[in-house]
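The structure displayed is predicted, hence computed values, not measured ones. Values below: every heavy atom of this structure, side chains too, minus hydrogens, waters and symmetry copies.
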Amino acid sequence: ENIVDALIGSKKVRFGTLPSPENKEFLSKMVQGFRENGVPIPLTTVWGASKGYNLFSIQEADLCDLQGLLRFASINKQVQRFYEPGIQVTIMWENVAEGMISGNWSDYYYETFKGLLGSLNLPFIRLVRESDLIPDMDYWMLLVHANAATILNGNEARIGWTGPVHWNEY
């Protein structure tokens with residue numbers, strides 16, 4: 001119960017309503033399974049590859065990123081009061097989706113975020129880029145598909161892709 005409450009948080013840190021009693025019970029059963037196996041409780045979140053308030057300029061890790069990472073540290077500390085293994089956070093860096101949406105393919109924000117994460121010494125947080133999960137050929141074909149779909153839909157913006165559009169050019 002205490003672990004679930006730490007994960008859910010309070011209205012001070014959570015937007016939205018509390019989970020329904022059914023969802024809280026479901027979460028309790030999941031937590032119990034991790035406890036029975038003696039492993040950290042896995043949490044996965046997405047992190048944007050660009051900031052929505054600043055799409056078209058150089059972006060880097062900032063106070064908002066620091067606060068988000070410190071919130072995970074706080075959750076981990078709260079959970080460890082009741083369950084020593086704590087949590088294991090995986091941050092999925094959305095660089096592929098963001099690149100296709102905004103055309104921002106820069107890794108600068110990622111690199112500054114990675115540096116911030118490293119400086120905080122939070123070993124329970126793992127950072128994974130979407131593009132690292134996609135084999136190289138699939139990644140480039142995904143970009144070609146996205147670019148071709150954009151052009152076929154009459155949108156002349158090529159969402160950041162400057163390579164070939166037609167299969168015979170690839």
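Side-chain N or O atoms of E130 include one that pairs as donor or acceptor with a backbone N or O of N95 at under 3.5 Å. Remark: the backbone N or O of I87 is paired with a side-chain donor or acceptor of N76 at under 3.5 angstrom. Between the T90 side chain and the T44 main chain, no donor and acceptor come within less than 3.5 Å of each other.
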Do R129 and D107 pass the side chain to side chain contact (heavy atoms under 4.5 Å, CB included) test, and can you show the C-alpha distance, the side-chain angles, and the key distance before you say yes or no?
CA-CA 10 Å; R129 288 189 304 186; D107 277 337; 3.2 Å; yes
Please lay out, stage by stage, how T45 and F72 fare under the test side chain to side chain contact (heavy atoms under 4.5 Å, CB included).
CA-CA 11 Å; T45 187; F72 282 125; 3.7 Å; yes
Run the side chain to side chain contact (heavy atoms under 4.5 Å, CB included) test on Y109 and D65 for me, step by step, so that the C-alpha distance in whole Å, both residues' side-chain angles and the decisive distance to 0.1 Å come before the verdict.
CA-CA 11 Å; Y109 176 31; D65 298 301; 2.6 Å; yes
Under the side chain to side chain contact (heavy atoms under 4.5 Å, CB included) rule, what do I91 and V128 come out as? Steps first, then yes or no, please.
CA-CA 6 Å; I91 296 176; V128 178; over 6 Å; no
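For the side chain to side chain contact (heavy atoms under 4.5 Å, CB included) test with L66, the passing option among L70, D62, L69 is L70; the others fail. A side chain to side chain contact (heavy atoms under 4.5 Å, CB included) with I41 is found for exactly one of V79, I75, L27, V89, namely V79.
For the pair F34/P40, no side-chain contact is recorded, criterion being any heavy-atom separation below 4.5 Å from C-beta on.
Residues satisfying the side-chain contact (heavy atoms from CB on, under 4.5 Å) criterion with K24, sequence neighbours excluded, are E1, V4, D5, I8. Under the side-chain hydrogen bond (donor to acceptor under 3.5 Å, both in side chains) criterion, E22 pairs with S20, not counting sequence neighbours.
Contact detail for S119 and L116: the closest heavy-atom pair is OG-O, 2.7 Å. A pairwise comparison of heavy atoms in T112 and E60 identifies OG1-CA, 3.3 Å as the closest pair. The shortest non-hydrogen separation linking R71 to A6 is NH2-O, 4.3 Å. Shown here for P85 and G38, the closest heavy-atom pair between the two residues is CG-O, 4.0 Å. Here the closest heavy-atom approach between residue I3 and residue Y83 is recorded as CD1-CB, 3.4 Å.
Identified under the salt bridge (charged side-chain N to carboxylate O under 4.0 Å, His left out) test for residues 27-40, with sequence neighbours left out: none.
Using cut-offs of 30° and 60° on the angle between ring planes, the pair Y110 and W93 is perpendicular.
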